[in-house]
Amino acid sequence: MRVSLFIPCFIDSLYPGVGMAMVQVLERLGHEIDYPEGQTCCGQPPFNSGYWPEAREVAGRQLEVFRDSEVVVSASGSCGAMFKVFYPELFARTPKEQAAKDLSAKTYEFSDFLVNKLGVRDVGARFEGRVTFHDGCHGLRELGTKQAPRELLRAVKGLELVEMGDQESCCGFGGTFAVKFPQISTAMAEVKCQSILGTTADYVVSNDSSCLMQIQGWLDRNSPRVVKSLHLANVLASV
Amino acid sequence: MSVTETIAEPVAAAAVSDGIMDQFWNDVDRTTADSARRAFVRKALRGYEVKRDETKASFADWQAAREAAARTKFEAVNHLGQYLRQFEEKFTSRGGKVFWASNGQQARDYILKLAADRGVRSIVKSKAMTSEEIHLNDALEESGYKVVESDLGEFIQQLKREPPYHFVFPCMHLRRDEISALFEKELGSAKTDSPEELTMIARRFLRRQYIEADMGISGGNFIVAETGMISITENEGNARLTTAMPRIHVALIGIEKVVPHLADLALFLPLLGTAGAGQWLTCYNSMYSGPRQEGESDGPEEFHVVLLDNHRTRLLADAEQRDALHCIRCGACLNVCPIFKNIGGHAYGTTYQGPIGSVITPHLRGLQNWKHLSGASSLCGACTEACPVKIDIHHHLLHNRRNAVAEKPLWWEKWVWRGFAFAMRRPWLYRLGVRLAPLAQKLHPVIQGTPLDPLQAWTQTREFPEAAPTSFHDLWQQRKGAKR
């Protein structure tokens, strides 16, 4: 299958290794990778801030970039949810409504794509370490992805998956919320990180780098022990 | 008066006040720093979640129950006028009185006049958030009436002269020793750590009030159109005493509480018990169909139902957010909300706290003054998932944000997002920005910690990652070049 990657802006600039790991995993599974180079941002920051016309300008660009793609796989559950759930609402009753629906229908979050579209669990990865998984809220509740990343992690050789308490509680990132209400956002990060530190895990893994930026940002400042954050793709790319 | 008439009624726009937002900001700074209180509330709500999950498990199909409840409320809310008139007709045919209050002032005036006309001196109340909403106690006390809250949590908050912390669990933030100290001070009771003894202290005090009171004021959980009844659910029996013993009963109920049929309660009562407190059913479920009838031995001589609009019809007029009127005030969305757990109920400054409060308060009290509550959310969606009547709560927070901006954008924010859109529509410009990011980050220490620092809101409490020297885009191009 020809797979078009959607590498959201902050992964492109802050965590390019996540994108490269996705390329490795998908190529290992025998798929052809396409990276439409005109892609930028999904438009979620202005969308969540209430500036929908500006969001539509940014999003309209992505509709064009991915128009000819067969399937689009997103490195982030949140930006994937933007394509899949929010674009149809953003473009409702506009000339681009159908294009938005088309992109929505062919977009997948990475773990959902592997497990539910390709039917793969074991991607042939080996990773020595104890891992706890953080559910990004958009992946979990907008896309309904809960089991797929866990099934993938359980199939990784050498990896031990341990669940944290209150595993579905938000890390407090929330995009611009993290800087508009930093005190609330940080209080939420603290609660989340205490759940993570309550496990014996050495790694916290997620399918959303934005949550991991928040979690790692709090841990680096406050944690009594080292817990390293990793995107799911990085774990699955390890051999 | 019909519901359609109240929609058309012009509503005076509330004066926009920065003070409300400033108050929120200050309160949130204080409450998020109070680790002990946050941990206490978190622990209480973890207990709730365990109980709720146990009870939920006894539903054959919880999701189907939510679907059915949402359908019933959709029917009721979308034919609100019809069902309320049906209720009125049935209820008045048994001697009850119905008053349609467009706003808080009308509701207060009606109740005050009734109390004056009937020579009322003492009033006992059971839990009614509508009464908090229209500040009824203040109005009654200013007119010289003695008013006592009989719900234990409300009673404690009344003694503390503090609004409810949570619209279902009014004093959930208070520890036992704090309640004991309050009783010592206000009621002269002895210090105790026993919840039973604390309850008995309140009970001894309250029993006298029921006997004294001329008027009982309650809320109502459901209005049943078909039979002209109101349904009240409670755990303490205080609502039964409040509604049965005084000679006048006034129920102050929001118009959205209507359900079409009596049989609907077979679903809604367990749904409310489960979502609200992890109970199969609340301990006392009462149905009231009118004042004491001939030949009956108890019940009030007069029974008035005040149907309160107070801008609920603004929500009714908004097709996108109309489902917010499905709300049965179970509080499930508060109980799972990470914002509520971390900022606490009082920081909201609203009658209805938590996610549902953040959705409806802008409609009830003005969008520009209350839009910040819709902004103060990570949009995690735990509320929507928990809602037993399937209100699209967290998406409505997005809708409120959009509506607030469409009505009155902030000039500088508008320019920020225009600039953002300008760059993101031009991949070359975006890539230039990405390439310059590592350099910008190297220069960051120059402004770090100063008001010019764009990352300050982040870096005060958290580390920020280093921008990668080479973006994914550039790595991809290098790889393509190497392959060739």
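Computed from a prediction, not measured in an experiment: that's the story for all the values here. In what follows, chains are A, B, ... by sequence order, proteins preceding strands, each numbered from 1.
- Using non-hydrogen atoms only and a strict 4.5 Å limit, the part of residues 28-35 of chain A facing chain B consists of Ile33(A), Tyr35(A).
- Contact annotation: the side chain of Ile343(B) never approaches that of Phe181(A) to less than 4.5 Å [non-hydrogen atoms, C-beta and beyond].
- Looking at heavy atoms from C-beta onward, Trp458(B) lies in side-chain contact with Gln214(A) at the 4.5 angstrom threshold.
- Each of Gly174(A), Gly217(A), Cys137(A) has some count of heavy-atom pairs under 4.5 Å with chain B, and the biggest count is that of Gly217(A).
- Here the shortest heavy-atom pairing between Phe472(B) and Pro16(A) reads N-CB, 3.4 Å.
- Nearest heavy-atom pair, Ala187(A) versus Arg38(B), reported as atom, atom and distance to 0.1 Å: O-NH2, 3.2 Å.
- Interface residue Gln460(B): only backbone heavy atoms are found under 4.5 Å from chain A.
- Contact count against chain B (heavy-atom pairs under 4.5 Å) is highest for Glu37(A) among Glu37(A), Arg61(A), Lys192(A).
- Most heavy-atom pairs under 4.5 Å with chain A, from the set Arg401(B), Lys480(B), His394(B): that is Arg401(B).
- With a 4.5 Å cut-off on side-chain heavy atoms, Pro182(A) and Gln456(B) do not count as touching.
- Here the SG-CZ distance, from Cys383(B) to Arg141(A), works out to 8.5 Å after rounding to the nearest 0.5 Å.
- Salt bridge annotation for Glu190(A)-Arg42(B): absent, with no cationic side-chain nitrogen under 4.0 angstrom from a carboxylate oxygen.
- Note on Arg418(B) versus Glu57(A): no salt bridge recorded, every NZ/NE/NH1/NH2 to OD/OE distance being 4.0 Å or above.
- Residue Arg46(B) touches chain A through its side chain alone, counting heavy-atom pairs closer than 4.5 Å.
- Your options are Ala33(B), Ser374(B), Ala39(B), Gly381(B), and the one with the most heavy-atom pairs under 4.5 Å with chain A is Gly381(B).
- With a threshold of 4.5 angstrom between heavy atoms, Ser377(B) approaches chain A through N, CA, C or O but not through any side-chain atom.
- For chain B, the option among Ile11(A), Ile7(A), Leu5(A) with the highest count of heavy-atom pairs below 4.5 Å is Ile7(A).
- Both the backbone and the side chain of Leu379(B) come within contact range of chain A, each with at least one heavy atom under 4.5 Å from a heavy atom of that chain.
- Interatomic distance, OG of Ser185(A) versus CZ of Arg462(B), reported as 4.0 Å (0.5 Å rounding).
- Of all the listed residues (Glu49(B), His395(B), Arg402(B), His372(B)), the one sharing the greatest number of non-hydrogen pairs under 4.5 Å with chain A is Arg402(B).
- Ring orientation note: the planes of Trp417(B) and Tyr51(A) are tilted relative to one another, at an angle of 30° to 60°.
- At a 4.5 Å heavy-atom cutoff, Thr384(B) makes no contact with chain A through either its backbone or its side chain.
- Residues Glu54(A) and Glu413(B) fail the side-chain proximity criterion, which asks for heavy atoms closer than 4.5 Å.
- Counting heavy-atom pairs closer than 4.5 Å to chain A, the top-ranked of the candidates Thr461(B), Val434(B), Leu397(B), Thr470(B) is Thr461(B).
- Of the listed residues (Val18(A), Ile184(A), Leu140(A)), the greatest number of heavy-atom pairs within a distance under 4.5 Å of chain B belongs to Ile184(A).
- Chain B forms the most heavy-atom pairs under 4.5 Å with one residue out of Lys180(A), Arg56(A), Glu168(A), and that residue is Lys180(A).
- To the nearest 0.5 Å, the span separating CG on Asp12(A) from CG on Asp474(B) amounts to 7.5 Å.
- Ranking Lys341(B), His399(B), Arg479(B), Arg435(B) against chain A, the residue ahead of the rest is Arg479(B), based on heavy-atom pairs under 4.5 Å.
- Comparing Pro438(B), Ser35(B), Ala457(B), Ser378(B) by how many heavy-atom pairs each has under 4.5 Å with chain A, the most go to Ser378(B).
- The parts of Lys414(B) that come within reach of chain A are both its backbone and its side chain, each placing non-hydrogen atoms under 4.5 angstrom from that chain.
- Contact tally against chain B (heavy-atom pairs below 4.5 Å) for Thr176(A), Asn222(A), Val179(A): the top residue is Val179(A).
- Heavy-atom neighbours of chain B within the stretch residues 75-89 of chain A, taken at a separation under 4.5 angstrom, comprise Phe86(A), Glu89(A).
- Side chains of Glu463(B) and Arg221(A) form a contact here, defined as non-hydrogen atoms less than 4.5 Å apart.
- Contacts between Ala437(B) and chain A at a heavy-atom distance below 4.5 Å are absent for every atom of the residue.
- Only the side chain of Asn342(B) comes within contact range of chain A, with at least one heavy atom under 4.5 Å from a heavy atom of that chain.
- Neither the backbone nor the side chain of Gln441(B) comes within less than 4.5 Å of any heavy atom of chain A.
- Both the backbone and the side chain of Cys9(A) come within contact range of chain B, with heavy atoms under 4.5 Å apart.
- Only the backbone of Glu466(B) comes within contact range of chain A, with at least one heavy atom under 4.5 Å from a heavy atom of that chain.
- Contact annotation for Ala404(B): neither backbone nor side-chain heavy atoms come within less than 4.5 Å of a heavy atom of chain A.
- How far CE of Met213(A) is from CZ of Phe464(B): 4.5 Å, rounded to the nearest 0.5 Å.
- Looking at Pro469(B), neither its backbone nor its side chain comes within 4.5 Å of chain A, counting heavy atoms on both sides.
- Interface with chain A: from residues 425-433 of chain B, residues Arg425(B), Pro427(B), Tyr430(B), Arg431(B) qualify, criterion being any non-hydrogen pair under 4.5 Å.
- Below 4.5 Å, heavy atoms of chain B meet heavy atoms from Gly38(A), Gln39(A), Thr40(A), Cys41(A), Pro45(A), Pro46(A), Phe47(A), Asn48(A), Ser49(A), all part of residues 38-49 of chain A.
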